[in-house]
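Here's the structure, in structure tokens; my notes come after.
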Protein chains: 2
Amino acid sequence: MPRQVDHEARRRHIAAAVWRLAAAGGLEEATIRRVATEAGVPARQLQYYFGTREELLLGALDLLNADGEAEAQQRIAALGDAPSPREVLRSVLHELLPLDENRRQRNLVHAAYFVRFLADHTLRERIRDTPPELENLIALLLPEEHRADADFLLAGAAGLQGQMLLGHLTAERAVELIDHQLDRIFPVVS
Amino acid sequence: MPRQVDHEARRRHIAAAVWRLAAAGGLEEATIRRVATEAGVPARQLQYYFGTREELLLGALDLLNADGEAEAQQRIAALGDAPSPREVLRSVLHELLPLDENRRQRNLVHAAYFVRFLADHTLRERIRDTPPELENLIALLLPEEHRADADFLLAGAAGLQGQMLLGHLTAERAVELIDHQLDRIFPVVS
DNA sequence: CGTGATGTGGTGCACTCGTACCATAAACTA
DNA sequence: TAGTTTATGGTACGAGTGCACCACATCACG
């Protein structure tokens, strides 16, 4: 094949531009021409590598989700070879919070897509904000009696995320609130 | 003054059109021409009663918040003259969930504005999704020792709202999860 | 009766949008 | 070397946008 280029690298480069614009000003800022300018490539290239604008946005989201999942698994693996259920659960919950620039940008982009998915019923399953995989993982870690607590924990983390993004809540307080709940669910035997 | 018309009524009529469009397809669907068509008035009237599009969107949000606050207070007043703290807290939390068409539409519109406010730092305080007034009210109702639980409850309700809007959670399950938390905070003395 | 404030309606302009289309360069295959 | 596929660049078009501007009703007041 002639003129071989690294398709995947190009797509990631363009997708990153989508993320920056969407995180800064929502999906409506991620117009084709603006993404092209942000990425430093001619607008025509977005057409070539993604097709229509809809496909560009969805493609960029898929790449973001892949990145996020990889980063999350890496962070959980870093807990050691025999992490306690509490440690794993805490990691999963922290994954939903904007605790560093990567997670913050992902949360912002997800929020932008969230509204779009509320309108587009056919694409809802593409949201990975609080996917069933998380619920399943947590269900494995916790005894059945704590199922309701676990579901509410996930919802709580999502809510804390929103408050943090709005600047209504500091990272310290959010972590503190989560740890308070964990203390209750995993009582210190002492 | 000549040709007196009910300004407030006209503004509400137009604002309602904004809500419907924003709830159905996000803020970007609420273009001036489309809102005019939806409201059944010439586009020029939006200019006259609201000015620029930005002012139209903000004005529509203020009216929505006023409506929501009135409805919430009415629902709390309906609890009787000496409601228990648990009842009040439960009502406040339910106010955040899309439990009927009114609240559902309000939640959808709020979600649409949420993303916009993430970008526009100067307008953040206009969001009333989980305003400090709620936190203050709850702080009054609960002993200091439950402050952390209350904050997490509010976050949890916001998270449940998102899952319900996405169709990942039924109203019954959401209410059940909240009641489960309330049972813990207000133990049955029996 | 005017006179001026208040409200209505329509149109036009400058701009951005998404995407289709066309020409050409580059590199692999035969 | 010729031919084919892959990739790039630029442009043009129709549609939709926010908003400014203008002409005209309608009514209260002098």
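Just the heavy atoms: all of them, side chains too, but no hydrogens, waters or symmetry mates, feed the values below. Chain letters run A, B, ... following the sequence lines, proteins first, then strands; residues in each count from 1.
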For B:His7 together with B:Tyr49, are the ring centres under 6.0 Å from each other? yes
Could you state the atom-to-atom distance from [atom1] of [X] to [atom2] of [N] in whole Å?
X	N	atom1	atom2	result
B:Leu27	D:dG18	CG	P	12 Å
B:Arg53	D:dA20	CZ	P	15 Å
A:Glu54	C:dC17	CD	C1'	15 Å
B:Glu29	D:dG18	CD	P	11 Å
A:Gln47	C:dT19	CD	P	7 Å
B:Leu46	D:dG18	CG	P	10 Å
B:Glu55	D:dA20	CD	P	10 Å
B:Glu28	D:dG16	CD	C1'	13 Å

Given [N], is OP1 or OP2 found less than 4.0 Å from the side-chain N or O atoms of [X]?
X	N	answer
A:Thr31	C:dT16	no
A:Tyr49	D:dT8	yes
A:Arg10	D:dT8	yes
A:Gln45	D:dA7	no
B:His7	C:dT6	no

Would B:Arg90 and B:Glu95 pass as an ion pair if we require N to O under 4.0 Å?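 No salt bridge links B:Arg90 with B:Glu95.
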A:Arg106/A:Glu71 ion pair, N-O < 4.0 Å: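 Counted as a salt bridge, because a side-chain N and a carboxylate O are separated by less than 4.0 Å.
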Please tell me whether B:Gln181 and B:Asp149 have a donor and an acceptor in their side chains that are separated by less than 3.5 angstrom. no
Nearest-0.5 Å distance that lies between atom CG in A:Leu97 and atom CG in A:Leu165: 9.5 Å
Nearest to the side chain of B:Tyr48 - C:dG7, D:dA12, D:dG9?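 Output: C:dG7.
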May I ask you to verify whether the side chain of A:Arg44 and the base of D:dG9 hold a donor-acceptor pair under 3.5 Å? yes
What about A:Arg33, does its side chain sit under 3.5 Å from the base of C:dG18 through a donor-acceptor pair? yes
